[in-house]
Asks: 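The structure is given below, and queries will be raised subsequently.
Throughout, protein chains are lettered first and strands after them, A, B, ... in sequence-line order, and every chain is numbered starting at 1. Since the structure is predicted, the reported quantities are computational estimates derived from the model, not experimental observations. For the numbers below, each heavy atom of this structure counts, side chains included, while hydrogens, waters and symmetry mates do not.
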Amino acid sequence: MQRFEKETGLVVPLDRLNVDTDAIIPKQFLKAVGRTGFGANLFDNWRYLDQGEPGQETARTPNPDFVLNKPRYQGASILLARANFGCGSSREHAPWALVEYGIRAIVAPSFADIFYQNSLKNGLLPVVLPEDTVDRLFQAVEAEVGYALTIDLHTGQVSAQGEEIGTFSIDPFRKECLLNGLDDIGWTLRHEAEIQAYEARRRREAPWLFGSEGSRI
Amino acid sequence: MGKTLYEKLWDSHVVRELPDGTCLVYIDRQLVHEVTSPQAFAGVRARGRDLWRPDANLAVADHNVPTKDRALGISDPTSRVQIETLDRNCRDFGVALFSMDDVRQGIVHVVGPEQGATLPGMTIVCGDSHTSTHGAFGALAYGIGTSEVEQVMATQCLLQKRSRTMRVRLEGTIPAGVGAKDMALAVIGQIGTAGGTGHAIEFAGDAVRALSMEGRMTLCNMAIEAGARAGLIGVDETTISYLAGRPFAPSGALWDQAVQAWREYVTDPDATFDREQVIDVSALAPQVTFGTSPEMVVPIDGCVPDPARESDPARREAMMAALTYMDLRPGTAIVDVPIDVVFIGSCTNARLEDLRAAARIVAGRKVASGVRRALVVPGSGLVKRAAESEGLDRLFKEAGFEWRDPGCSMCLAMNADRLESGERCASTSNRNFEGRQGAGGRTHLVSPQMAAAAAIAGHFVDIRRPS
């Protein structure tokens, strides 16, 4: 997993409530069997005027009105969003697409649970700030071309040009994983014996959970 | 102090707890489908590992499968590769798979319970957000991303934090013509699409006790549309009698032992929740969504709301965008909204009880001439077979519906079943997001009875009134 320590980058504002994972990466792109190639189709239905299909080789028609296509937001690495960002399906293709596009952190008042977890597992930092702070950020981004933020995971600080905008918290375990680029599987496999002991106990207490007639199909 | 059902489930699955409350949680069952598993299998392979417990996994292809002309194979090459990849992975790793020509194939959340692979007291995960469905059995069930699918494959565990608890009590006797889907939409309308974020929602109350397992699954299925990763319902006789004799359920002496343990999977009388909500359903009307979020819902005798009356600017903006997308004007009576397509299916509403309810409405009638397509997509091959043995297929076909093979189909339109841009659909599925059923398609979420009645009338109708 890509480490996250500190990111300073241009902010792109996506001023919509309840942005769902179908919008982040539409279903037709989920037919892939790999983890890459989704960045070009991030927000496909909003970003392009033509209908996108997987493996398409013809040139696309960008929607000039969509915020990601505006020249002033090219190269943005921080997405500013509204409440309940990432609601809907569990597709990890959503954070894969955001990361591949170049987004390193998302600032919003709240995130949907599954999307939040999926982001953490891909080095994409979800930053929760109070609603009124996010409102002010939307105004600031709108008002100033080139508006950038610095997000420091070590200190939990969000700042603009050295001035603190807000602070955020993240579970210590998750923070450690992000700072060091550790994945859950590596950590879990260090505790194999404990899992085996748990399993042995459960097998005695609830033997029906460990294979019945029907499971041998 | 007593424990909630959620706390009992959580506590009995913690392998190790870290100082910050993050827990290593044991997973009893993983359901696997073709869309969110290929990268996970590839990850396990890249680590040079086997699955920790192949028999804890059950796989079925559902999202991409065609729902007609299956004998011809899958024409879309990318879909075909994905399904073939699932077949190969299951073979290589020793995972039980119901392939496309198996009568047990169907939507993963219909298949699990139908097979008895979903049992009370289990932790159940799947790379699909509607895994909340299985909570209807007193199991802790939730959707996970592909990295977590890989982790469960490799370690049988996940690293997670305890959710907050919320109880939604649905009290009163539900009126005729109103069902679990309407209850689910009413809950979402009331608490909002993020109302359950960070929580596991337990559904309780008279109206929930009165539901069949099918109805309870519909309710828990949509917990995720209220933001809750997991929905839960305590075990009772309805749960136990549903499971008796199912292939993956225990039998003989083990059944008796299991039933005794399962009866404990209820919330203790003195347990407390972080949040409680009570909704009286005795006057509930059939529900219809009008917008692009499931919380944008009104009763059938209502009108499209006016965004101008919304005081919160972000919500007003969202509602205006939704009405533009949906091509609806404020003040339009819901019964005056004409529809082009009807979809009866999905993990929310494609079980036998759903098909029976819809069939009763269409029996002896015809789909309205303005309706371009009306599809019934059973939730599994076994649901399809049972429906056919009752003659439901005949009722649907005579009315002008297409009777398809099982799969997710037009709920998310990954296969060929999709809306054309601008088409308006009465759908028994779970999400009305922009483009969900096809780019530019407009979705109204309703119950199976309401979808059936809309097909016959060509517009929404209040099924409580005699036609």
Asks: A side-chain contact here means heavy atoms from C-beta on lying under 4.5 Å apart; do Arg49(B) and Ile185(A) qualify?
Replies: no
Asks: Can you tell which of Asn430(B), Leu412(B), Thr36(B) has the highest number of heavy-atom pairs within less than 4.5 Å of chain A?
Replies: Leu412(B)
Asks: So which of Asp76(B), Thr78(B), Asn415(B) actually passes side chain to side chain donor-acceptor pair (under 3.5 Å) with Lys31(A)?
Replies: Asp76(B)
Asks: Could you check whether any side-chain heavy atom of Leu24(B) comes within less than 4.5 Å of a side-chain heavy atom of Tyr198(A), counting everything from C-beta outward?
Replies: no
Asks: Once you measure the plane-to-plane angle for Trp208(A) and Trp262(B), does it fall in the parallel (<30°), tilted (30-60°) or perpendicular (>60°) bin?
Replies: perpendicular
Asks: Is there a side-chain contact between Trp52(B) and Glu192(A) in this structure, where contact means two heavy atoms from C-beta onward sitting under 4.5 Å apart?
Replies: yes
Asks: Need one label for Phe111(A): side chain, backbone, both or neither, based on atoms under 4.5 Å from any heavy atom in chain B.
Replies: backbone
Asks: Is there a side-chain contact between Lys161(B) and Asp171(A) in this structure, where contact means two heavy atoms from C-beta onward sitting under 4.5 Å apart?
Replies: yes
Asks: To the nearest 0.5 Å, tell me how far Arg418(B) CZ sits from Gln28(A) CD.
Replies: 7.0 Å
Asks: From Asp20(A) CG over to Arg436(B) CZ, what is the distance, rounded to the nearest 0.5 angstrom?
Replies: 8.5 Å
Asks: Got a salt bridge between Glu434(B) and Arg16(A), using NZ or NE/NH1/NH2 to carboxylate O under 4.0 Å?
Replies: yes
Asks: Does Asp28(B) pair with Arg202(A) as a salt bridge, N-O distance under 4.0 Å?
Replies: yes
Asks: At a 4.5 Å cut-off on heavy atoms, which part of Gln196(A) comes close to chain B: side chain, backbone, both, or neither?
Replies: both
